[in-house]
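Computation of the quantities below employed the complete heavy-atom set of this structure, encompassing side-chain atoms and omitting hydrogens, waters and symmetry-equivalent molecules. First the proteins, then the strands, lettered A, B, ... as listed; each starts at 1.
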Amino acid sequence: MTTERPIEIQCRLFARYAEVVGTDRATLHLPPTATVADAVRELRERLPGGRALPERPLVAVNQAHARSTQPLTDGDELALLPPLAGG
Amino acid sequence: MTTERPIEIQCRLFARYAEVVGTDRATLHLPPTATVADAVRELRERLPGGRALPERPLVAVNQAHARSTQPLTDGDELALLPPLAGG
Amino acid sequence: MPCCHHLREVEIPYLTRNPIDPAVLLAEVSGPGRGGTTLFVGSVRQSPEDGPVVEIDYTAYEPMAEAEFERILREASDRWPEARIAARHRLGVVPLGEASVVVAAAAPHRGQSFDACRWVIEEVKRRLPVWKRERLADGAEQWSDNAGARHPTGPRSSGS
Amino acid sequence: MPCCHHLREVEIPYLTRNPIDPAVLLAEVSGPGRGGTTLFVGSVRQSPEDGPVVEIDYTAYEPMAEAEFERILREASDRWPEARIAARHRLGVVPLGEASVVVAAAAPHRGQSFDACRWVIEEVKRRLPVWKRERLADGAEQWSDNAGARHPTGPRSSGS
């Protein structure tokens, strides 16, 4: 069914999170009903050292702060943000 | 009696008050029991145009803000301060 | 790094007839333990109520104004012991847009620097024996005070 | 004189790898109707908890940080429509004592300028996707965040 065609999510990791998993980018293919929380779960399972990432990190979708319940859309950019330190 | 020897007060007027009375200095001789309020009353009576000064202006004694009830001492400098406009 | 403002090695007057450079005040309060600095600049502005003000002539009861500034900054140092504070007030004719007063407060934490800076400028407005004569675009002059009162000026007194 | 920050003719990036000059931000927000200007400077400081920090390496999720700065300043313009606000955040290695962030807010009245400046810096701290790697005097490095957490650094990732 067309509704089952997976969506592609570009993931970005920053600062300490990029150090922990040894990469700052990953691409996920997820069911079209996937939320931010689903994507984070997938990253924690699939990336080497991914378990060291928090279960509910601060996240941004398409360069804006987002909640873990936010649904994702094909082509979205999901970023996992360590605790902020600006200022 | 020595207690009756008058005290000498150097008075200064600023900004609009100096304009109103046409001078920025005056010397008063007052009883040794005189307060700021007594000196202001004397200035309002004796200076030409003195009635245009307020009965209870902002005042300073020896370059510090003072109350109208403050007793005066020989040699004190009394200043009548129009409403402040610093900043 | 305790620092008492009033123990400055060189006594810099708080009153000046020259333009005030904010960078100088920022430098005066800076220090490695003070990560937050708040600066306030008060400028001569056009007032919608009065029409265009082209310049302001500031006068002061100068020795008292210096002493009162010193008292205000000493009280601020008591309230915010870790803060370092600098301040200047300009006297004489100040054209539109130039600064009449600048206050800088640096502290280990930003909240302290905001609070100290704000407190000092409020006290300056409330306590500093300074007066202003505004010259309007049409040539009229008026005394203007911080309570919002306006009075037309009379002849200038010789000595003040 | 209504002014919308986000309608700047020339888009100046909020992020910079060069030292931030407070005078530039003061000039950007100045205007004849705005008599009160508050400037906040956040500097790299020695932290008593961690011992001497000699420098901080700031990194950001850069396009999001630019967009988030724009959102913060647009929200500030909604809250203080008469204010004009400028802000910069430095990235890269910032030595001890230099500014990492500067915010300037000018408004007709000083209360507005203080409130707008304070609000913007608080939102920057809370929302801007920026991270810092502190280098201490003994050569150790740590990630340090605005909630006060510290983590030793690992190997540097190639791309971030």
Return yes if some donor-acceptor pair links the side-chain N/O of C:Trp131 with the main-chain N/O of B:Phe14 below 3.5 Å, else return no.
-> no
Below 4.5 Å from any heavy atom of chain B, which atoms of C:Ala149 appear? Answer side chain, backbone, both or neither.
-> neither
Would you check if B:Gln63 and C:Glu68 make a side-chain contact, meaning some heavy-atom pair closer than 4.5 Å?
-> no
Kindly give the heavy-atom pair with the smallest separation between B:Ala85 and C:Ser144, and that separation in Å.
-> CB-O, 3.1 Å
Taking atom OH of C:Tyr61 and atom CG of B:Leu80, what is their separation to the nearest 0.5 Å?
-> 10.5 Å
Validation row: B:Leu84, C:Arg126 side chains within 4.5 angstrom (heavy atoms) | no
Do side-chain atoms of C:Asn146 reach the backbone of B:Gly86 as a donor and acceptor pair under 3.5 angstrom?
-> yes
Using a 4.5 Å cut-off on heavy atoms from C-beta on, say whether the side chain of B:Leu81 contacts that of C:Met64.
-> yes
When you measure from the side chain of C:His151 to the backbone N and O of B:Arg16, does any donor-acceptor pair fall under 3.5 Å?
-> no
Please check if atom CD in B:Glu45 has more than 12 non-hydrogen atoms from other residues, nucleotides or ligands closer than 6.0 Å.
-> yes
